[in-house]
> 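Below: one structure in structure tokens.
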Protein chains: 2
Amino acid sequence: MQLDDIHIRMVDLLRRNGRLSIAALADQLGISRSNAYQRYDWLIESGVITGFTATLDFRAAGFGVAALVFVSLEQQQWGEFRERLKTVPELEYFAVTAGEHDGMLLVRAADVAAIHELVALNLAQWSCIKSTETVFVMDEQWDRVSLGAGFAGRALRSPGEWAGESPLGSTRHLRIAEPGEEDEGAPLR
Amino acid sequence: MQLDDIHIRMVDLLRRNGRLSIAALADQLGISRSNAYQRYDWLIESGVITGFTATLDFRAAGFGVAALVFVSLEQQQWGEFRERLKTVPELEYFAVTAGEHDGMLLVRAADVAAIHELVALNLAQWSCIKSTETVFVMDEQWDRVSLGAGFAGRALRSPGEWAGESPLGSTRHLRIAEPGEEDEGAPLR
DNA sequence: GTTGAAATTAGTACGAA
DNA sequence: TTCGTACTAATTTCAAC
């Protein structure tokens with residue numbers, strides 16, 4: 001089985017409402033129930049869908065404040081850092097980043113003081129952390145990317161369909177010609 | 001009804017598995033099925049739970065790349081900016097930030113070139129945007145904050161219980177005494 | 001890939017502790 | 001409030017087309 005348009009619409013429906021029944025999905029997708037079950041199972045087994053979760057109003061849930069904490073590490077102490085990250089209950093999201101800092105944490109707490117405590121009394125004491133920079137989030141919105149929305153379709157195209165697509169000029173990887181192979185510099189992807 | 005420990009555990013269970021049936025929740029929480037329905041409904045109606053969604057393996061779903069785009073706006077053109085944000089299908093998360101930049105976008109696309117196209121050919125052309133800075137995400141992890149985990153309990157305490165809690169010294173807002181009121185400088189919260 | 005049954009589970013209502 | 005039960009509606013499973 002392969003990711004097709006119906007899979008994509010199914011994922012979009014499940015992103016909008018993660019508790020939709022398979023029967024309701026089948027109905028809205030215009031397919032039979034058993035087909036919907038097959039596709040649903042496939043989405044889970046193939047690893048496209050990793051799980052389901054409740055989304056919260058963090059303020060209503062008692063988390064009044066969110067902040068981004070940019071961290072720079074001492075000489076690639078990733079092992080210790082990521083191990084200690086597991087002990088931070090305020091952590092919602094962590095990204096390893098290119099550029100000025102090494103990583104970014106999205107943390108939540110009841111109030112500004114609790115964030116300050118986290119950064120100043122906890123994070124800043126870790127020997128693996130060289131420096132931190134805290135930026136408070138004043139407003140936020142989640143706009144879950146939709147697999148169905150335009151651009152995602154590109155990922156589904158077969159290699160040949162990419163040629164000459166980019167308005168900026170295609171990134172091309174010139175293959176080193178194998179012995180006896182004629183290499184015309186075709187894009188690998 | 002008021003948020004209590006069982007609500008918190010229910011939310012945590014639903015964050016871990018958003019498709020858990022109410023019967024399974026009741027079972028794991030040690031309460032009756034009808035009580036579980038009541039509490040579940042209350043969590044939705046009170047706005048603590050805003051919805052349910054499928055979580056994805058973005059790479060498996062064809063989004064090979066994620067990036068943080070920091071934006072600075074021309075003279076508070078928030079209206080136009082947020083209006084145009086709605087037209088960006090690559091957008092997953094947006095935060096209005098304090099500090100150097102005005103906001104941060106988390107965007108996803110099939111490859112690095114697509115991110116570049118988004119920033120250089122789309123965002124950078126918006127008149128409301130003064131400048132952008134793109135940082136690629138090299139690895140990421142979601143560690144959904146748990147309402148049950150230690151610190152969140154603070155949000156549930158009644159005001160009096162906060163006194164003298166902070167190891168950094170409590171932030172105190174001295175109330176301006178109302179006429180005829182004895183003000184002893186008690187923390188407002 | 002579909003349809004139609006049986007078995008199971010979910011959702012609702014209401015009285016009692 | 002919480003629980004137990006009875007009842008109805010819906011979903012899931014499984015078999016046959």
> From CD1 of B/I22 over to P of C/dG11, roughly how many Å is that when rounded to an integer?
6 Å

> Do A/F94 and A/F70 have ring centroids that are under 6.0 Å from one another?
no

> Does the side chain of B/Y37 get closer than 4.0 angstrom to OP1 or OP2 of C/dA10 through an N or O atom?
no

> Checking all strands, does B/S34 fall into the base, sugar-phosphate, or nothing category for heavy-atom contacts under 4.0 angstrom?
base

> Rounded to the nearest angstrom, tell me the gap between atom CG in A/N35 and atom P in D/dC14.
18 Å

> Separation of A/D27 atom CG from D/dA9 atom P, in whole Å?
18 Å

> I want to check something: taking the side chain as every heavy atom from C-beta on, are B/S127 and B/E80 in contact at a cut-off of under 4.5 Å?
yes

> Quick one: label B/A23 by what it contacts on the DNA or RNA (base, sugar-phosphate, nothing), any heavy atom closer than 4.0 Å.
sugar-phosphate

> Do B/D102 and A/M138 come close enough that some side-chain heavy atom pair is under 4.5 Å?
no

> Could you check B/I6 against B/R33 and say which one's nearest nucleotide on DNA chain D is further toward the 5' end?
B/I6

> Would you kindly give the CD1-to-C1' distance between A/I31 and C/dT3, to the nearest whole Å?
14 Å

> Over how many whole Å does the gap from A/Q38 atom CD to D/dT13 atom C1' extend?
13 Å

> From CG of A/L25 over to P of D/dT11, roughly how many Å is that when rounded to an integer?
11 Å

> Strictly by modelled atom types, are B/D139 and B/Q141 linked by a side-chain donor-acceptor pair under 3.5 Å?
no

> Atom CZ of A/R19 to atom C1' of D/dA10: distance rounded to whole Å?
14 Å

> Atom CG of A/D41 to atom P of D/dT11: distance rounded to whole Å?
17 Å

> With heavy atoms under 4.0 Å as the rule, sort B/R39 into base, sugar-phosphate or nothing.
sugar-phosphate

> With respect to the phosphate group of C/dT9, does any side-chain polar atom (N or O) of B/S21 fall under 4.0 Å of OP1 or OP2?
no

> If only side-chain N and O atoms count, and only distance matters, is there a donor-acceptor pair under 3.5 Å linking A/S146 with A/D12?
yes

